[in-house]
2 protein chains.
Amino acid sequence: MDAAVSTPGVERKPGARATAQRSRILRAAQQCFVEKGFHAAGMAAIAQAAGMSPGLIYRYFKSKNEIILAIIEQQLGLARARIGELHGAEDLAAGITRAFQATGEGDERGISAPLFLEMSAEATRDPQIATAIREFDSTVRADIEHVLSRSPKQGGYGLTAGSAAAGRALLLICLLDGLKVREAREPHLDRKLLRAALAELLNELLTP
Amino acid sequence: MDAAVSTPGVERKPGARATAQRSRILRAAQQCFVEKGFHAAGMAAIAQAAGMSPGLIYRYFKSKNEIILAIIEQQLGLARARIGELHGAEDLAAGITRAFQATGEGDERGISAPLFLEMSAEATRDPQIATAIREFDSTVRADIEHVLSRSPKQGGYGLTAGSAAAGRALLLICLLDGLKVREAREPHLDRKLLRAALAELLNELLTP
DNA sequence: AAGGAAAGAATGATCGTTCATTCTCATCTT
DNA sequence: AAGATGAGAATGAACGATCATTCTTTCCTT
């Protein structure tokens, strides 16, 4: 009965392998989801991309849906990190345009545009995904609102008048969403042109 | 060999029934696609929603993919019409805010937000869809660019300086895309707030 | 009676998932 | 040191369900 006596010292980190396998599966799944979409990508394809058998995946994930959820959480985490960077030192406008430029130069640190679309679409159907995304959206929005309404001395933009900060935050988010959509729909778009126009608009959006 | 002798006079409208059936199928398919997505929606479900057998659908469409293509073309047509309205009489800013408000009030004349996302995601995978959407995007953008660069006397906005018109057009499109994304992700969003902020921004985006 | 319209069963493929089995290898026994 | 033990890792075939599509049959109209 008490066969599991903790096997002392042998295994350094508990479940180190499991963690590695999970991330291996997630990497493969992300690749497949980007290439085929959540529903069109099969477990067989994911297994092959991960270099393992289909059955083994179910040792580390309860279901395909759980994998989808994990991928979405991962993407949201990426986005959160990106926004956290903006928060950091400089002003928002410069940070955003720089992040935009980085995305154009093949920077993979941001959210994947196809997955962004897939996630958003799925949120209109799957309640669990909807909750995750909605929670993300509301915290991000509150975050931006906070920065915009804070006084300039504290690194904010002093948009205290009425609901200016709330409105501007909303517009800013729409704009960023739109950039992601364009990234998917017009990958060969003139990014230099867009960057210039974006910088100009951001200055107007953040200061007056 | 020459069996098709045009069947003179017998059939009043050529394929009147066929046309009706096709649109019946498309209506059902759209409903299913919105509820389940392109891939998760099955032909059986579409047939049931259309009130017919699965087999009969194949009398009017070669394949499911052809239905998806037709739905996408239909949605793009809807969007084109919407933009055509803007073109009409008044100024762009007022037209856009009014269209935005209409969407919030359950106006179904515009593009469906879930389908918009689904289409855009699928465009990154299916070359045929990519072509259709890309062609739509480029003509719409040229259209808006044209309006923005035209002189005010001709109903334009006189943004002739350098690439101002092109950049502004791009931003405008991103903004509209972003609004659609929000529509899907935050259906209970404070539209009044957004509308006010939008109107303000549009005035700055279109005039200076 | 003729022929298009419709139904719905059949088809083969593929889906997500499960399961019996084998493999691997660290630990324990002798 | 060498063999036995056993638990976890991994496999890949098998399952029932469902997928898009086709086919045969029936129905209905003229």
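Naming: A, B, ... by sequence-line order, numbering from 1 per chain. On a predicted model such as this, the values are computed, not experimentally measured, just so you know.
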- Task: Check the pair B/Leu189 / A/Leu170 against side chain to side chain contact (heavy atoms under 4.5 Å, CB included), numbers first and verdict last.
- Result: CA-CA 10 Å; B/Leu189 183 144; A/Leu170 217 34; 3.9 Å; yes

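- At whole-Å resolution of the value, NZ in B/Lys62 and P in D/dA20 are 17 Å apart.
- Applying the side chain to side chain donor-acceptor pair (under 3.5 Å) test to residues at least two apart or on different chains, the pairs with a partner in residues 38-60 of chain A are A/His39-A/Glu122.
- In this structure, B/Glu85 does not pair ionically with B/Arg98, as no charged nitrogen and carboxylate oxygen lie closer than 4.0 Å.
- In this structure, A/Arg80 forms no cation-pi arrangement with A/Phe136, as its terminal cationic atom is not both closer than 6.0 Å to the ring centre and no more than 45° off the ring axis.
- Rounded to whole Å, atom P of D/dC19 lies 17 Å from atom CG of B/Asn65.
- Listed in residue order, the members of residues 29-61 of chain A having a heavy atom less than 4.0 Å from DNA chain C are A/Ala41, A/Gly42, A/Met43, A/Gly55, A/Tyr58.
- Rounding to whole angstrom units, CZ of residue A/Arg22 and P of D/dA9 are separated by 14 Å.
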For residues 192-201 of chain A, run the donor-acceptor check on the side chains, cut-off 3.5 Å, and write out each pair with its distance to 0.1 Å, sequence neighbours left out.
from, atom 1, to, atom 2, distance (Å)
A/Arg195, NH1, A/Gln101, OE1, 3.4
A/Glu200, OE2, B/Arg168, NH2, 2.9

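- Atom CZ of B/Arg17 is separated from atom C1' of D/dT29 by 11 Å (rounded to the nearest Å).
- What you find for A/Arg141 and A/Ala169 is that their closest heavy atoms are O-CB, 4.3 Å.
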